[in-house]
Amino acid sequence: MERAAYDPHAVQERWLPVWDRLDLYRAGRADGNVEGGAAKKYVLDMFPYPSGDLHMGHAEAYGLCDVLARYWMRRGFDVMHPIGWDSFGLPAENAAIRRDEHPATYTYANIETQAESFRRYAISFDWTRRLHTSDPDYYRWTQWLFLRFRERGLAYRKSSAVNWCPQDQTVLANEQVVQGACERCGAQVTKRELTQWFFRVTEYADRLLADMEQLRGHWPERVLLMQKNWIGKSLGAHVDFEVSGQTVTVFTTRPDTLYGATFFVVAADAPLALELCAPERRAALEAYRDQVRRLSDIDRQATDREKTGVDLGVTALNPVTGKQIPVYAADYVLADYGTGAIMAVPAHDQRDLDFARAFGLPVRVVIDTGAADPAESGVATTGDGVVVNSGPYDGLPKDEAISRIVTDLETRGGGKGAVNFRLRDWLISRQRFWGPPIPVVHCGACGEVAVPESELPVRLPDLRGAALKPVGTSPLGAATDWVNTTCPSCGGAATRDTDTMDTFVDSSWYFLRFCSPDYQDGPFDPAAVREWMPVAQYVGGVEHAILHLLYSRFFTKVLQDMGMVDFPEPFLALMNQGQVINQGKAMSKSLGNGVDLGAELSRFGVDAVRLTVVFAGPPEDDIDWADVSPAGSVKYLARVARLAEDVGGLAGAGRDASVDRAVARTVDEVTRLIEAQRLNVVVARFMELTSSLRKAVDAANPAAASLRDGVEALAVMLGCFAPYTAEEVWSRLGHDVEAGDSVHATTWPVADPALLIEDTVTCVVQVAGKLRDRLVVPPDIAEDDLRALALASDAVIAALDGRDVKLVVVRAPKLVNVVPA
RNA sequence: GCCCCCGUAGCCCAAUCCGGCAGUGGCGAGCCACUUAAAAUGGCUGAGUUGUGGGUUCGAAUCCCACCGGGGGCACCA
């Protein structure tokens with residue numbers, strides 16, 4: 001008999017226009033046709049940057065997220081699954097220079113390409129909520145939020161050393177500096193002192209850390225760990241030292257080693273170094289500072305570097321020993337961590353010891369750890385031990401000494417317990433064009449003045465091509481007509497701020513905008529946000545583990561403090577999909593191992609690619625495209641289509657308990673597996689069910705009703721993974737999809753609990769832990785009966801070989817273990 | 001250097017949470033059927049010291065310890 005061929009492309013062409021017409025994925029209108037009514041679920045993928053067309057990475061991330069979104073739709077939830085574009089950013093600007101056009105041209109053309117690809121890839125997006133961060137309607141509210149942050153003292157300007165690329169004559173974001181070099185041109189990045197805008201994220205450090213407890217279990221553990229390390233909370237103390245009549249405070253995590261502080265170091269690039277320096281050492285310090293400034297980041301960060309520094313010719317008073325200790329400036333002390341000055345305890349800190357050995361400074365052991373003397377061994381002892389050489393504290397264990405010394409410092413003055421964070425304030429200024437302009441005007445008379453809300457957005461001027469070339473200042477600065485303005489406060493002549501904001505600012509609140517994308521009275525409608533937020537499931541790559549996720553968490557907390565939202569965390573659950581690699585390596589042009597998504601889709605079809613990325617392994621694992629087989633997925637989907645064809649033609653109402661049980665077991669297990677996000681295992685279960693239904697059909701099983709129900713259940717579940725094929729199957733079973741009876745508008749199958757109970761169980765019988773026999777028993781068999789059955793088994797008697805039985809372990813109904821003497 | 005995760009068949013994965021038959025999926029390999037032949041399709045088969053060593057247990061892939069190998073994060077943060 002001639003089989004109906006399975007042509008994935010024909011199936012796509014057939015159903016895509018029908019789905020467009022049926023408008024299946026609009027949020028906010030679920031009919032609550034499943035128990036539990038229509039509870040809301042907000043499912044979100046990290047929105048894409050519009051660089052070219054979609055690639056394999058998108059295929060995986062959006063494919064995985066779509067399974068979850070569709071599953072919850074089938075479970076009767078009112079699901080919001082929106083899409084938008086993170087459409088400001090440097091690549092568009094570079095393309096515009098190259099092609100002599102406006103960045104918007106490249107950006108919006110790519111967006112259209114990606115949107116069409118998403119549509120064909122059959123992601124269940126609610127297209128009515130689409131947004132682009134580069135639209136004035138969007139960045140108007142990015143600017144509005146900036147002004148609210150500024151009112152609260154959370155946005156401020158300060159002078160700071162930033163990454164500078166001498167080749168491109170421009171400031172670079174940290175993420176554009178790869179191992180000390182400019183990611184664009186490869187030049188060594190240096191530091192340059194510039195006045196920049198910052199967000200005061202450090203004020204939220206403690207809450208960002210503490211609230212991670214709410215995320216534990218729902219976010220990948222390693223992401224929480226990375227954020228924890230990034231925030232870097234350290235407990236310790238501030239201790240005051242007198243230097244030339246001036247009080248200089250240091251931060252230390254080891255107040256117990258105060259008696260071992262034999263010298264004092266300030267960061268060479270901190271202003272404090274100049275203040276403390278004796279006049280006769282001034283020239284030496286300036287020379288050293290020049291030398292430090294010329295160092296590239298990559299050199300400066302090398303930990304095995306020789307310690308360098310310069311004696312400042314002054315001394316500091318150790319507050320507990322009463323001794324004057326020398327003061328140095330060195331580049332191993334960081335200007336922007338702690339107070340920019342340290343007490344150096346060479347015996348118990350490796351860096352201080354290295355410095356002491358280089359400069360011939362004394363080493364004084366104050367904690368006896370039992371290890372060799374650091375002065376001899378060159379290895380600082382940082383472990384636990386007993387306090388020595390420390391006056392009244394001698395003999396105390398380390399931890400007790402810490403609390404005693406801190407208490408004494410607080411009582412006597414001169415110090416107190418303190419907490420310090422590694423987290424730095426977020427530098428948001430960019431000397432670039434394609435971003436939201438900072439809505440501030442600089443007036444000679446009034447200073448910094450906010451642009452009034454009624455004048456937002458501050459639109460970008462119409463610059464293109466060569467006008468965007470980096471010249472060391474923002475391209476906005478050259479747009480004279482745009483820069484020159486009047487002061488909103490006094491009406492006098494003033495200039496606009498020429499910085500634009502980091503694109504991470506745009507993406508720190510887009511998930512809120514999706515709740516009410518057309519809202520005109522604020523960044524979002526509070527009622528809509530109450531309805532949808534927080535995001536129930538967020539999906540994206542682990543490369544955003546810190547920046548985007550930390551900033552979004554920060555924004556949410558600020559908005560909570562402003563009373564605009566009533567929750568502290570934006571994303572209740574997070575899934576990190578792995579990367580798609582090829583032949584063991586990240587895909588790249590230079591390696592020639594790239595896999596083109598469009599080519600794969602043309603060859604195998606959308607469903608096969610979607611199924612392959614899900615089936616390849618656990619969602620969070622990388623997929624090596626060389627290890628997987630989209631051709632195998634095509635084969636499987638064709639098998640399902642043929643099964644539907646055969647079953648669709650069966651007549652009759654016959655049922656078969658073993659078929660019904662197999663279906664019920666699969667439904668039950670697949671449901672639990674999806675909830676646990678074990679999506680690769682789900683596909684294996686589909687394949688098993690398909691095989692067993694196939695066998696039943698081939699055996700001329702008369703249970704037509706059971707088989708039909710089974711294939712229907714399979715179609716509904718498979719619809720979340722391979723939406724086109726599932727619709728085709730659904731249609732072959734006789735459903736009128738064009739009339740609205742789509743597999744993507746139906747409800748998830750329910751397993752009858754009665755079918756999940758087995759009438760018999762296979763009991764394993766072991767002798768001394770080795771498998772010797774299997775017994776088929778009722779599931780509710782009594783322990784004693786099972787023991788008797790097992791002991792009577794011929795195989796057991798043979799294995800015992802006359803030995804006495806010492807112990808019989810019975811775990812009814814699954815196992816008996818007979819232990820011989 | 002510090003911290004985290006992972007080692008199961010030639011390869012990708014199940015079984016690990018909560019100890020109880022190492023397989024139930026895929027790729028590849030081999031064989032068979034269909035075919036003039038091939039492709040496609042269907043069926044069948046084989047493959048294991050569960051990284052290594054030790055411990056706990058009646059029983060360990062699973063729990064504990066050490067080591068080896070791989071991946072990742074942080075790193076002059078006091």
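Atom name C1', nucleotides B/rA29 and B/rA9: the rounded distance is 12 Å, in whole Å. For the P atoms, the distance from B/rG7 to B/rA61 is 14 Å, rounded to whole Å. Here the separation of B/rC31 from B/rA38, taken at their P atoms, is 12 Å to the nearest Å. The separation of B/rC3 from B/rU45, taken at their P atoms, amounts to 50 Å, rounded to a whole angstrom. Between B/rA66 and B/rC4, the distance separating the two P atoms is 11 Å to the nearest Å. Nucleotides B/rG28 and B/rA39 are separated by 13 Å at their P atoms, to the nearest Å. B/rU24 and B/rA14: their P atoms are spaced 16 Å apart (whole Å). Here, B/rC11 and B/rU16 have their P atoms 22 Å apart, quoted to the whole Å.
The partner of B/rC74, taking Watson-Crick or G-U wobble pairs whose two distances both stay under 3.5 Å, is B/rG1. Applying the Watson-Crick and G-U wobble criteria (two distances, each under 3.5 Å), B/rG7 pairs with B/rC68. Figure legend. B/rU62 is base-paired to no nucleotide; pairs are counted as Watson-Crick or G-U wobble with both atom distances under 3.5 Å.
For the side chain to side chain donor-acceptor pair (under 3.5 Å) condition, no pair includes a residue of residues 808-820 of chain A, sequence neighbours left out. Among residues at least two apart or in separate chains, side chain to side chain donor-acceptor pair (under 3.5 Å) pairs with a member in residues 540-551 of chain A are A/Y538-A/H548, A/H548-A/S552. For residues 251-265 of chain A, every residue pair satisfying the salt bridge (charged side-chain N to carboxylate O under 4.0 Å, His left out) rule, not counting sequence neighbours, is listed here: A/R254-A/D256.
Between A/F355 and A/F263, the ring planes lie parallel to each other; the angle is under 30°, not in the 30° to 60° tilted range.
Between A/R694 atom CZ and B/rG42 atom P the separation is 9 Å, expressed in whole Å. Between A/L258 atom CG and B/rA78 atom C1' the separation is 13 Å, expressed in whole Å. As rounded to whole Å, 19 Å separates atom P of B/rG26 from atom CG of A/L679. If you take CZ of A/R774 and C1' of B/rG20, they are 13 Å apart, rounded to a whole angstrom. The separation between A/I581 atom CD1 and B/rG70 atom P is 16 Å, rounded to whole Å. Between the P atom of B/rA75 and the CZ atom of A/R422 lies a distance of 4 Å, rounded to the nearest Å. When rounded to the nearest whole Å, the span between CZ of A/F251 and P of B/rC76 equals 17 Å. In this structure, A/L637 places its CG atom 13 Å from P of B/rG26, rounding to the nearest Å.
The side chain to side chain donor-acceptor pair (under 3.5 Å) test applied to A/T249 returns A/D240, not counting sequence neighbours. Under the side chain to side chain donor-acceptor pair (under 3.5 Å) criterion, A/T262 pairs with no residue at all, not counting sequence neighbours. Residues passing the salt bridge (Lys or Arg N to Asp or Glu O under 4.0 Å) test with A/E669, sequence neighbours excluded: A/R685.
For the pair A/Y337 and B/rA78, the criterion of a side-chain N or O lying under 4.0 Å from OP1 or OP2 is met. Residue A/S234 has a polar side-chain atom (N or O) positioned under 4.0 Å from OP1 or OP2 of B/rA78.
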Contact pattern, 5' to 3', of nucleotides 2-15 of chain B - B, S or - by protein heavy atom under 4.0 Å: --S------SSSSS

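Candidate nucleotides B/rC74, B/rU41, B/rC21 were compared by shortest atom distance to the side chain of A/I546, and B/rC74 ranks first. Closest to the side chain of A/E688, out of B/rC76, B/rU24, B/rC74, is B/rU24. In the set B/rC74, B/rG25, B/rA78, the nucleotide with an atom closest to the side chain of A/D349 is B/rA78.
Positionally, the nearest nucleotide of RNA chain B for A/K695 lies more toward the 5' end than for the other of A/D352 and A/K695. Map A/W230 and A/K814 each onto its nearest nucleotide of RNA chain B; the residue landing nearer the 5' end is A/K814.
Side-chain contact of A/D352 with A/Y332: a donor-acceptor pair under 3.5 Å is present, judged by distance alone. Neither side chain, A/Q227 nor A/W219, offers a donor N or O lying under 3.5 Å from an acceptor on the other. For the residue pair A/T725 and A/Y6, a side-chain donor N or O sits within less than 3.5 Å of a side-chain acceptor on the partner.
Counting all heavy atoms, side chain and backbone alike, A/Y288 lies closest to A/D331 at OH-N, 3.1 Å.
Here A/R610 does not pair with A/D607 in a salt bridge; the nearest charged N to carboxylate O distance is not below 4.0 Å. Checked for salt-bridge contact, A/D269 and A/R293 miss the test: no charged N lies under 4.0 Å from a carboxylate O.
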Scan nucleotides 62-64 of chain B against the protein and return all N/O pairs shorter than 3.5 Å with their distances rounded to 0.1 Å.
none

With 3.5 Å as the limit, what N/O pairs link the protein to nucleotides 53-59 of chain B?
from	atom 1	to	atom 2	distance (Å)
B/rC58	O2	A/N817	ND2	2.4

I'd like a table of atom pairs between the protein and nucleotides 47-49 of chain B - only N or O on both sides, under 3.5 Å - with the distance next to each one.
none

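The base of B/rC76 sits within donor-acceptor range of the side chain of A/K307, with an N or O pair under 3.5 Å.
Rounding to the nearest 0.5 Å places CD of A/E645 at 10.5 Å from CZ of A/R642.
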Scan the side chains in residues 615-622 of chain A for donor-acceptor partners under 3.5 Å anywhere in the protein, sequence neighbours excluded, and list what turns up.
from	atom 1	to	atom 2	distance (Å)
A/D622	OD1	A/Q579	N	2.8

Listing, residues 628-637 of chain A side-chain donor-acceptor contacts under 3.5 Å, not counting sequence neighbours, or none:
from	atom 1	to	atom 2	distance (Å)
A/S629	OG	A/G632	N	2.8
A/S633	OG	A/T612	OG1	2.7
A/Y636	OH	A/F686	O	3.3
A/Y636	OH	A/T690	OG1	2.7

